[in-house]
Protein chains: 2
Amino acid sequence: MMTRNLAIDELVPTREELQLGDVLHALSDPVRLQIVRTLADADAEVACGQFPLAVTKATVSHHFKVLREAGVLFSRYEGTRRFHSLRRADLDARFPDLLDTVLRASRS
Amino acid sequence: MMTRNLAIDELVPTREELQLGDVLHALSDPVRLQIVRTLADADAEVACGQFPLAVTKATVSHHFKVLREAGVLFSRYEGTRRFHSLRRADLDARFPDLLDTVLRASRS
DNA sequence: TCGTTCGTTCGACAGTCATCGAACGTTCGC
DNA sequence: GCGAACGTTCGATGACTGTCGAACGAACGA
């Protein structure tokens, strides 16, 4: 009945609050980089289950939280699923070219 | 008398061995990012002592080791001092624009 | 030769991290 | 209303991290 009150302790940074160190750290893990790559390829919202990852759902959930708290992506509920999308505009505004450069590098 | 046999356990990656995750992780620490920034500004070799860092020399040494092992910089002995330089060519070859993009982002 | 300078290494410590299984809460379809 | 599907949260665990002071080693200068 109540709206979901999960993630109440989660601190999602605004565009201005984005920290380079946090973003780089978020992107430095292979699983998370894979998530971001998949998301960039899709160029749209993707549900957790759609990610071909070699770790438990608990671990996946953890990585999404790290990415959210670093400001790399945004997550939204839709029924029982959760859809994710890159915060491209914010990232590009704050750190121009960073995301694209990292993505390009991650595919070489 | 013998040549220095320090750093014998240090694994410095070749250009081909550079790993994006390692580089991003190396750059995600504020102290290390500061080091890299200083080095990029100098555009030349810089000795450890030249870095205005708010940590102990032991910690500084540790950070340089991390940066070396990630392949971000190269260190060379000259007498009692140790000079450091960015591995720009290698980084640019393997991850085009990455270093410059991160440096630019770190100054905004 | 002796003391200083510069940097590395060691041992320790507190904190964070990636990972997992298990339990839980929501939502949806039957 | 029941059970399945989907994710989150919890607690635990082992690994890694950033930091420090202290001891060490090599090279330089007086």
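Here the structure is a predicted model, which means the values were calculated and not measured. Basis for what follows: all heavy atoms, side chains included, without hydrogens, waters or symmetry-related copies. Protein chains get the first letters and strands the later ones, always in sequence-line order, with residue 1 at the start of each.
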Would you kindly give the [atom1]-to-[atom2] distance between [X] and [N], to the nearest whole Å?
| X | N | atom1 | atom2 | result |
| --- | --- | --- | --- | --- |
| B:His84 | C:dC6 | NE2 | P | 13 Å |
| A:Leu53 | D:dC6 | CG | C1' | 15 Å |
| A:Lys57 | D:dA5 | NZ | C1' | 9 Å |
| B:Tyr77 | D:dG25 | OH | P | 14 Å |
| B:Glu69 | C:dT9 | CD | C1' | 13 Å |
| A:Ile35 | C:dA18 | CD1 | P | 11 Å |
| B:Asp29 | D:dC16 | CG | C1' | 14 Å |
| A:Phe83 | D:dT8 | CZ | P | 13 Å |

(request) Ignoring hydrogens and angles, tell me if any N or O in the side chain of B:Ser61 forms a donor-acceptor pair with the backbone of B:Ala58 under 3.5 Å. (result)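 No, B:Ser61 side chain to B:Ala58 backbone: no donor-acceptor pair under 3.5 Å.
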
(message) Using modelled atom types and a 3.5 Å cut-off, is there a donor and acceptor pairing between side-chain atoms of B:Arg87 and backbone atoms of B:Phe74?
(response)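 Side chain of B:Arg87 to backbone of B:Phe74, a donor-acceptor pair under 3.5 Å: no, none is there.
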
(message) Check this one for me: any side-chain N or O of A:Arg82 less than 4.0 Å away from OP1 or OP2 of D:dT8?
(response)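 Answer is yes, contact under 4.0 Å.
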
(request) If the plane angle is over 60° it's perpendicular, under 30° parallel, otherwise tilted; pick one for B:His84 and B:Phe64. (result)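 If you compare the ring of B:His84 with that of B:Phe64, the planes turn out parallel.
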
When you get a sec, tell me which of [options] is the closest nucleotide to the side chain of [X]?
| X | options | value |
| --- | --- | --- |
| B:His25 | D:dG18, C:dT8, D:dA27 | D:dG18 |
| B:Thr80 | D:dA26, D:dG7, D:dA5 | D:dA26 |
| A:Ala58 | C:dC20, D:dT19, C:dT9 | C:dC20 |
| A:Ser61 | D:dT8, D:dG18, C:dT19 | D:dT8 |
| A:Val31 | C:dG7, C:dT26, C:dT19 | C:dT19 |
| B:Arg32 | C:dT8, C:dC6, D:dG18 | D:dG18 |

(message) Both B:Cys48 and A:Ser28 contact DNA chain C. Taking the nearest nucleotide for each, which residue is further toward the 5' end?
(response)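 On the 5' side of the pair lies B:Cys48.
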
(message) Salt bridge check, B:Arg107 against B:Asp41: does any charged N sit closer than 4.0 Å to a carboxylate O?
(response)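 Answer for the salt bridge query: yes.
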
(request) Give a yes or no on whether a salt bridge exists between B:Arg76 and B:Glu78, defined as a side-chain N under 4.0 angstrom from a carboxylate O. (result)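 Looking at B:Arg76 and B:Glu78, the cut-off is met.
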
(request) Any strand is fair game: report the nucleotide pairing with D:dA30 by Watson-Crick or G-U wobble, both distances under 3.5 Å, or none. (result)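 D:dA30 is paired, partner C:dT1.
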
(message) Please classify the nucleic acid contact of A:His63 as base, sugar-phosphate, or nothing, using heavy-atom distances under 4.0 Å.
(response)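 Sugar-phosphate only.
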
